[in-house]
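These notes are about the structure you will find just below.
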Amino acid sequence: MVTNPHENLNMEAAIRTGNNTTQLSSQRRAYTISRGTLILAAAFFLCTLVTVSVLIYNFATCDKLIPAEDENIVCTTVHLKHKANETNATALAMPHHERDVRLPRSIKPLKYNISLEPYLFEGNFTFDGEVQITVVVVEDCYNITMHAADLNISKNDVVVRPLGMPQFDKAQRTGASAPGNMASHGQEKAEAPIGTELRIRKQYLVEAKQFFVIELYDKLVENTKYVINIKFTGLIQDTLQGFYRSSYQMGNETRWLASTQFQATDARRAFPCFDEPALKAKFALNIARPKHLSTISNMPKIRTRKHDTLTDYEWDYFEESVPMSTYLVAYSISDFSKLSNGSYSVWARHDAIQSASYALSMVPKALKFFEDFFGIPFPLPKIDMIALPDFASGAMENWGLITYRETSMLFEKGVSASTYKQRVATVVTHELAHQWFGNLVTPTWWSDIWLNEGFASYMEYESLDEIEPDWRIMDQFVVNTLQHVFQLDAMSSSHKISIEVGNPEEISEIFDRISYDKGSTLIRMMGHFLTTPVFRKGLHNYLKNLSYRSAEQDDLWRFLTSAAQEEGLLDHSATVKDIMDTWTLQVGFPIVQVTKHPNTNIIRLEQQRFVYKKLIADNKTQEDPLWWIPITYTTAEELDFNNTRPITWIPRSKIYEIESRNLSTADWFIFNIQQSGYYRVNYEVQNWQAIMDHLMDKQKFRQISPSNRAQLIDDAMNLARGGHLSYDLALNLTRYLVHEDDTTAWKAAMNAFNFLDAMFGSMGEYDVFKSYLLKLLDNLYNQLGFVESRNENNMLEHFIRGEILNMACHLGHRDCIAESMRHFQNWMQVPNPDANNPISPDLRSIVYCTAIAYGTEGEWDFAYERFKKSSVSTEKEILLSALGCSREPWIISRFLQYSITTDYDIRKQDVYRVFMGVSSNVVGQKIAFDFMHSNYKYMKSYLSNAMLTYNMVLEVVTKRFNTKYLFADLETFVKNELNDTSRSVEQILEHVQDNVNWMNQNYKTIADWMRREHHRPSS
């Protein structure tokens, strides 16, 4: 187990060491100690540290921590000395969470005054804090229950008073002064409580719920306000959650910074609070910092004053916030530089700050769009955005202070690939959309987190469609979002989009593609069937009426229904809730089978759930759910791919029939225009064949819109994968790709072929598979090649070139490999390769990966040196992925070992990328799994943050598993060693089992088709 020597988990004080003096900053005065005494004290301290560390290791948690009469600490992760004596040690070895972790509703917070003193340079990364919470009592009670985790709270430092008259705290009554005078400086804006404090009976931690409970002798009276005052200490950890630390190198110097990540349940790690999204309050922050650093928070800084006891520190005071949830509180302390545009600022490392200019330019454009779209002005006086070297996810929407991973905010023109420009644009617009959806109106509980993430994920596309129309971003939505989430939602182990969750582990699990991608797809579908004016009107009313409050999905349905009924879109017997509950409260999505009745104008529509594997229970097939499905279509004669207003609806019934002469007499028809509905469509063979004939015509195929060409490919290949269509037919449809040149259609094709590539990769028939794909790619490869367009704004050409070259090199295209090796060798030979890289940014990921795959140890070591020396985050990310392309087993094993130790410049946030890169090549996948199997205990500890779970890595390393022997290895490991029954592990097992079944049912059929195609004469 790797530990950080700078951390002391039992330290309540920040120890600041000078020449012969040790100052205890959590005490109220300084002590002078001789050097000899100091050495003895240090030795004693080290012994104590070892003892405490053993206790921590063996006794990680307990259910209910109540202090002994003589014990001062009542809330701490190492408060175990009494429990360890009376409880079996094995039961305490692993932390556990109860499922029901909701706070009582007897008390509601109104305002927090928070004062913090972080110590970043004293060697132990601790902080002192004090919080004063003004609450109102909703019903008479004797207990105050809130959240706290990883904090030390002394029982003498908790005070509860009714609100009214001037405050005199314990420090004033005993003549002591608070740490850094926090009581006097940190709470100047608080309302003054009256008279005597209430009598506390006891206070304790319920570890399994992360509750901090204060039991009182005195009753808390309904409709009365009280102030809870708590002093505490904690650690600035390196787990990328709560209040955590990060660092970066400037030359040979390590520079430290601290920031926050509180979503979903980690504000409680930074200060005691009522840490649920519905319990909104106002926040006033005061933060002490070293003078050479800067502090930013949700609101503007209103003043700075010197610290009374720490001469090199200053206090920053921030304006009181609007009412908001605890998970949106944010603050960051760093030596970063900034760029500003009026009230908008971006912050980054000094040597990277110019790379933040593109993100800054997006802010006013996006805010204007959202203000116009929602009809509600942005409510805060400023926005700061900061690019952090260590950040678990892509970004976080904290109100007024948005935090980002560097690669999600920094774009270096001439160095970063075009894909990163779009990535920055989408992430920035996503987080700004949250300022309304999520921040202004917040889900009442995490069950409806899709209201946050689904709306932000959809609105990023809506905004960019206006800001960057040439990107055809709504076509990209179809392949990057809708078709992407279909893969997960077609599994039996998928989950409802609105799902009950309890403990933090369950909450973190639903921050997945179902909440983000399915959520955004359903919102897009609503926008199409309600029409844009009605949709916007309903959203405006929802946000306006529920501003600064919390909501459930039924609230949204109510406002959208009202808007639709006012405009005559829905009659008064129908509601949006009737329709949308079938999509949000049921698992999965439907396939619609369209058939003609012979000799009539009747078209039969039949719905059933689309799954790759049917669930069997008690030897009976489970009954399929049914949906309200909006139906759109066009015919060969109409060719109208713009009208997405539903022509009819399939009600919640298995079979529905419509009468239409246009459909019955059409040469062919296509349902689900622009794939605006969240469902797949299957046709009779004659209709599929007629569509294929149209696509094979080089002059006519473009008459079908790009998004629907992508739909046809994706539907056909996945219908075949699920057993609803023959693979012969689906593969015949892909033959038209030989003359396809659109990014959207090719992206859908690549997604389908990537699955086949994973299944064929280690099989003997891989040669005929490669031959077929290379034949399809040939025309476009010759057209695009390695010579790039001079029009740097032609984003779609950059994208399709990347897709084609990447697949060509992966398949062993000789020219592609030769060109990649030539470009890489040129780079290796230039003087000062870190400053002079002759490879075009948009070609680098392809060139690097190919050169390392077909090169030697020399190419790998060269790329690794460039990774270590680069200060450009996007370049480091591309190099890190490419290093996983090696096909040398020993190099792969060494790289995996590098990724989980702190000595090789690979950050925790990037471990996932390392394993993903290694697992994407057929040599690396089994090595990666065996490595994880051998090191799983250490890796689970190392990747402790919920956003960086071991299971995410396990998912990517098993993607290509497709034999019963590999499945048996995985199943044995999961059941006998990992002992994990979470939904994510269930999905991993199901995916591999599906791969095994697919190989048994489809591999030979496809191999035979590929052989026939290989020998078929070119037309």
Side-chain angles (χ1 to χ4, degrees), residues 249 252 412 414-417 761-762 770 785-788 802 805-907 910-928 930-931 957:
Q249 294 297 123
N252 294 322
E412 180 95 9
V415 178
S416 304
S762 57
K770 288 200 309 179
F786 279 74
V787 180
E788 293 192 281
L805 295 186
N806 186 59
M807 181 60 84
C809 284
H810 171 76
L811 294 170
H813 191 288
R814 290 183 179 181
D815 183 70
C816 192
I817 294 168
E819 280 293 299
S820 295
M821 295 297 290
R822 181 177 67 82
H823 279 77
F824 198 84
Q825 291 300 320
N826 287 344
W827 185 28
M828 291 180 72
Q829 293 166 17
V830 300
N832 192 6
D834 297 304
N836 301 297
N837 187 338
I839 305 170
S840 165
D842 285 324
L843 298 177
R844 288 180 185 177
S845 63
I846 298 156
V847 168
Y848 295 173
C849 180
T850 306
I852 288 169
Y854 289 90
T856 65
E857 180 184 357
E859 281 78 10
W860 197 95
D861 288 345
F862 175 82
Y864 179 58
E865 280 301 308
R866 307 289 73 75
F867 164 76
K868 289 196 296 183
K869 292 182 178 179
S870 177
S871 62
V872 179
S873 57
T874 54
E875 180 72 358
K876 289 178 80 72
E877 187 171 274
I878 288 174
L879 283 162
L880 196 65
S881 294
L883 289 166
C885 296
S886 174
R887 298 190 289 187
E888 285 283 354
W890 72 270
I891 290 179
I892 293 170
S893 296
R894 182 181 68 175
F895 186 38
L896 295 174
Q897 188 62 54
Y898 282 4
S899 74
I900 59 167
T901 46
T902 56
D903 302 329
Y904 295 97
D905 300 313
I906 298 173
R907 298 179 183 273
D910 295 320
V911 172
Y912 177 81
R913 183 165 295 277
V914 171
F915 278 83
M916 185 167 60
V918 167
S919 304
S920 65
N921 87 67
V922 72
V923 178
Q925 56 146 10
K926 187 64 167 63
I927 296 172
D930 290 344
F931 183 90
V957 304

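In this text, all values refer to a predicted model and were calculated from it rather than measured experimentally. The first residue in the sequence is number 1, and the count goes up from there.
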Student check: side-chain heavy atoms of Leu880 and Phe895 closer than 4.5 Å: yes
Residues Ile927, Ser893; criterion side-chain contact (heavy atoms from CB on, under 4.5 Å); working and verdict: CA-CA 7 Å; Ile927 296 172; Ser893 296; 3.6 Å; yes
Pairs where residues 879-891 contributes a residue and the test salt bridge (Lys or Arg N to Asp or Glu O under 4.0 Å) is met, not counting sequence neighbours: none
Donor-acceptor contact below 3.5 Å, side chain Asn921 vs main chain Gly884: yes
Side chain Asn836, main chain Pro831, donor-acceptor under 3.5 Å: yes
Gap between atom OG of Ser820 and atom CG of Leu843 - 0.5 Å precision: 8.0 Å
Check: Leu896 main-chain N/O paired with Ser899 side-chain donor or acceptor under 3.5 Å: yes
All side-chain contact (heavy atoms from CB on, under 4.5 Å) counterparts of Ser873, not counting sequence neighbours: Glu406, Thr407, Leu410
Met807 CE to Leu805 CG distance, which is reported to the nearest 0.5 Å: 12.0 Å
Check: Ser870 side chain, Arg866 main-chain N or O, donor-acceptor pair, under 3.5 Å: no
Closest non-hydrogen atom pair between Ser886 and Ile892, with its separation: O-CD1, 3.2 Å
Under the salt bridge (Lys or Arg N to Asp or Glu O under 4.0 Å) test, residues paired with Lys869 that sit two or more places apart: none
Partners passing side-chain contact (heavy atoms from CB on, under 4.5 Å) against Asn252 (at least two apart in sequence or in another chain): none
Contacts of type ring-ring contact (aromatic ring centres under 6.0 Å, His included), residue His810, not counting sequence neighbours: none
Side-chain donor-acceptor pairs of residues 849-859 under 3.5 Å, sequence neighbours excluded:
from   : atom 1 : to     : atom 2 : distance (Å)
Thr850 : OG1    : Ile846 : O      : 2.8
Thr856 : OG1    : Gly858 : N      : 3.2
Thr856 : OG1    : Glu859 : OE1    : 2.8
Glu859 : OE1    : Thr856 : N      : 2.7
Glu859 : OE2    : Gln825 : NE2    : 2.9

Tyr864: partners by ring-ring contact (aromatic ring centres under 6.0 Å, His included), with sequence neighbours left out: Trp860, Tyr898
Salt bridge (Lys or Arg N to Asp or Glu O under 4.0 Å): pairs with one or both residues in residues 817-828, sequence neighbours excluded: Glu819-Arg822
Gap between atom OH of Tyr904 and atom CZ of Phe867 - 0.5 Å precision: 13.0 Å
Qualifying residues under side-chain contact (heavy atoms from CB on, under 4.5 Å), relative to Asp903, sequence neighbours excluded: none
Where Ser416 and Pro841 come nearest, the two heavy atoms and their spacing: O-CB, 3.5 Å
Residue pairs, two or more places apart or on separate chains, that pass salt bridge (Lys or Arg N to Asp or Glu O under 4.0 Å) and touch residues 871-886: Arg423-Glu877, Arg844-Glu875, Glu877-Arg913
Under the ring-ring contact (aromatic ring centres under 6.0 Å, His included) test, residues paired with Phe786 that sit two or more places apart: His823
Atom pair CD1/CD1 of Ile906 and Ile900 - distance to nearest 0.5 Å: 10.0 Å
Residues forming a side-chain contact (heavy atoms from CB on, under 4.5 Å) with Ser871, sequence neighbours excluded: Arg349, Asp351
Spatial distance of atom CD1 (Ile878) from atom CG (Leu883) [nearest 0.5 Å]: 12.0 Å
